[in-house]
Protein chains: 2
Amino acid sequence: MEVKKVLLPESEIPRQWYNILPDMPTPLEPPLHPATGKPVGPEDLEPIFPMNLIEQEVSQERYIDIPEEVLEKYLLWRPTPLYRARALEEYLQTPARIYFKNEGVSPPGSHKPNTALAQAYYNKVAGTKRITTETGAGQWGSALSFCCALFGLECKVFMVKVSYNQKPYRRIMMQTWGANCIPSPSTETEAGRKILEQDPDSPGSLGIAISEAVEAAVSDKDTKYSLGSVLNHVLLHQTINGLETQKQMAMIGEYPDVIIGCAGGGSNFAGLALPFVRDKINGKEIEIIAVEPTSCPTMTRGPFAYDFGDTVQMTPLLPMHTLGHSFVPAPIHAGGLRYHGMAPIVSQLVLDGIIRPEAIPQLETFRAGITFARTEGFISAPETDHAIAMVIREAIKAKEEGKEKVILFNWSGHGLVDMAAYEAYLSGKLKDHDLPEEEIERALKDIAILPKPKQAQG
Amino acid sequence: MEVKKVLLPESEIPRQWYNILPDMPTPLEPPLHPATGKPVGPEDLEPIFPMNLIEQEVSQERYIDIPEEVLEKYLLWRPTPLYRARALEEYLQTPARIYFKNEGVSPPGSHKPNTALAQAYYNKVAGTKRITTETGAGQWGSALSFCCALFGLECKVFMVKVSYNQKPYRRIMMQTWGANCIPSPSTETEAGRKILEQDPDSPGSLGIAISEAVEAAVSDKDTKYSLGSVLNHVLLHQTINGLETQKQMAMIGEYPDVIIGCAGGGSNFAGLALPFVRDKINGKEIEIIAVEPTSCPTMTRGPFAYDFGDTVQMTPLLPMHTLGHSFVPAPIHAGGLRYHGMAPIVSQLVLDGIIRPEAIPQLETFRAGITFARTEGFISAPETDHAIAMVIREAIKAKEEGKEKVILFNWSGHGLVDMAAYEAYLSGKLKDHDLPEEEIERALKDIAILPKPKQAQG
């Protein structure tokens, strides 16, 4: 009987996260203050984040110890199993060996708690009583609610109102874990009240929800704000996944030729990829592919520039691939990939040619998800279907080339709370969304600082 | 760092199921043909089930080999992890050590595929092209759909119409796995058409859905019917869970003093308990507790008698605890526990004093589920919450008695597709359902053969 899952013993769980900052071929440019155009200092961020996380955000230490209390709670679902996708291989008749890391075994069903747990812990240690955040479809909000419950912190989630009403499952998950989940715009903040005054029936947006969550944090000294992707410390926490995978691949004497992950803000992709990026920088030959939707082609069609992280222009300016902060992606079902920007670390590595970005249209991703469900059994989140679609492309390519490649991808979460998306696909209601050049050009005009910062020139 | 999960290596997965029939202290009485009152023979069942499963149903072999093809696909999610619930212990301040077996890691999220996989395999081998079944809330239907996909069989699920419309998630899961899910009553069967003629707006019932599924099976030679609980071979397949758990407990030098599972038809409970029941028969001191809802108190208030397995009186008469086949339980959210009967094996062991039945009211079970979610992190299926409520009772008892007991329970599935139930609880809309004696007496009048069969006399 051949091995299906590679299990890493709990005693072998990585004790440190990997920080890629000191290894970046091109050093990361700092975030800028939008008013002054000067680099943002720790004190600018202090009203929003606790100091221990701000320090992590800029740390140049290559390895950062995972606190014992975080490790202990990681064990609730980590180390996660590494799977060999034999049934998919057979179905595709590919000589490639396909492996996937199953991040869907966490209680909320995705990779998000890898950082939510760490952020809840560091906030607890810093004396924070309450964490605020925003959420769209709810994957991040539910992960943070879960982790706040484990550390006895209050959690307040501003959930985009239209999702709050239309997608109740993750909202109820948050409430089950004891979080206070509020439809945004709300009357709890100045920002929310202002919107409601103008439009009492506003369906809300991620931009508005961010404003509310940040305002709620800065207006109370015991409250901090938390972000689920994009930032350096978020990607740092996610590297536990790639570090585990390296050990698991070594256990079976394999090493990936191709690594694939879907990328919205970039954190699940980076979590698997960054430890291998280090190997690549040190000379290993690996193709590392970040997959985005063709309807939100941040890396494949957006320039590298300084732009706001949010649509309401409250955040510092980040050096990243961006479609412009006013870009509104088509309503695809992979809500986690509908983001105008991309993590600065991932963006820089794309710019440096280390990561290859690819864009895939919606219908192909659902087709891939169905194929995966009917061969490997697991129903994937619509975001994850983007990675699977790319895996299928690469496996077919390996077949055409007659190459025995090892393909590794991040199965970032299950889709059991996203079944409405599958229903829409199965009943023929979904379509691909063309994105005309004019539309992109219009959005790009809103990018905060153009031309591109200096690294982009080379 | 203390161990959180006990992982059994894939190479250690049990290679045989455990069949308790030869070890039963009181031999099981045979099912009876309702027309003749005589024991049902294999030929009576042949139009419904394939012969290899009929043989398993009556086998007296103590151990039955698990086919290689089934083992291989079990590895998709098995062996499942055994967890220590330290956070719950601390919250309850109990000296008890609490362990739970996590059956929620399977692709559909419950224990049901343990038998669905085996049944799909045996049908495939027997030349069946299509399997029919019925489903209420959809846990069983989704598990069978998943397993039929893995073995390339067609699957037709008759889903109670009111659930089909109100609980779309598991229905879409079935469709994603390629099953044909039909709202029942349907126009596809004589039984369905007859009901629709009388009542075009019929919301359906599990009884009607069973009739449709069985009719669809017997009227086509390539089609067989499949049942998700109650029968001996179903319980047999579920024992892989208890056998794994015995190995895992041995790995850490523990042995349970108390074993707990929720029981609707009895299969998840029996899957964990039966290998330990054997130990108990051989002299070990273990308390083995089957938990049911107070609103459907089959074991605690129903007699042991011969009764139909279904409400429409199509099945053979089974010797079991029953509330009468016409009993309609209150609409509690633990749909899987709303069954008037109980597996004959479990029923006989209750009668023999080896299994202790307990009934718990709905609100206490949800309270327990919330406590579990906020300590251990996992959101449980409402059925599973019954087991958790009993665990909490026993852990508090251990504290009062100052005893260091080892409590083991079956965490039979996650509740991520049951969030509506949690919402109803959290918003105060749920209540307990008193069940007056008169109501039970009325239902008991419909039991097929009373007085009780002879074993019940002793």
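To find a chain, count down the sequence lines: A is the first, B the second, and so on, and within it residues start at 1. These numbers come from a predicted model, not from an experiment.
- With contacts defined as side-chain heavy-atom distances shorter than 4.5 Å, the pair A:Tyr425/B:Thr176 does not qualify.
- The salt bridge (Lys or Arg N to Asp or Glu O under 4.0 Å) contacts involving residues 80-90 of chain A comprise A:Glu2-A:Arg86, A:Arg84-A:Glu89, where partners must be two or more places apart or lie in separate chains.
- Here the closest heavy-atom approach between residue A:Leu416 and residue B:Tyr169 is recorded as O-CD2, 3.2 Å.
- By the side-chain hydrogen bond (donor to acceptor under 3.5 Å, both in side chains) test, B:Lys156 is found to be paired with B:Glu188, residues two or more places apart in sequence or in another chain being considered.
- At a 4.5 Å heavy-atom cutoff, the contact between B:Leu8 and chain A is made by backbone atoms alone.
- For chain A, the nearby parts of B:Leu71 are the backbone and the side chain; heavy atoms of each come within less than 4.5 Å.
- When each of A:Val105, A:Leu426, A:Ile379 is checked for heavy-atom pairs under 4.5 Å with chain B, A:Ile379 comes out on top.
- The list of salt bridge (Lys or Arg N to Asp or Glu O under 4.0 Å) pairs with a residue in residues 411-428 of chain A, not counting sequence neighbours, reads A:Arg170-A:Asp418, A:Glu423-B:Arg171.
- Looking at B:Arg78, the atoms closer than 4.5 Å to chain A (heavy atoms on both sides) all sit in the backbone: N, CA, C or O.
- Interface with chain A: from residues 146-153 of chain B, residues B:Phe146, B:Ala149, B:Leu150 qualify, criterion being any non-hydrogen pair under 4.5 Å.
- A:Pro107 approaches B:Gly377 most closely through the heavy-atom pair CB-O, 3.3 Å.
- Taking a cutoff of 4.0 Å between a charged side-chain nitrogen and a carboxylate oxygen, B:Glu72 and A:Lys4 do not qualify as a salt bridge.
- The line from CE of B:Met173 to OH of A:Tyr422 is 11.5 Å long, rounded to the nearest 0.5 Å.
- Between chain A and the residues B:Ala420, B:Ala373, B:Pro108, B:Gly415, the largest count of heavy-atom pairs under 4.5 Å involves B:Ala373.
- In this structure, B:Glu10 and A:Lys5 approach most closely via the heavy-atom pair OE2-N, 2.6 Å.
- Contact tally against chain B (heavy-atom pairs below 4.5 Å) for A:Leu7, A:Val3, A:Asn102: the top residue is A:Val3.
- A side-chain donor-acceptor contact under 3.5 Å links A:Tyr83 to the backbone of B:Leu76.
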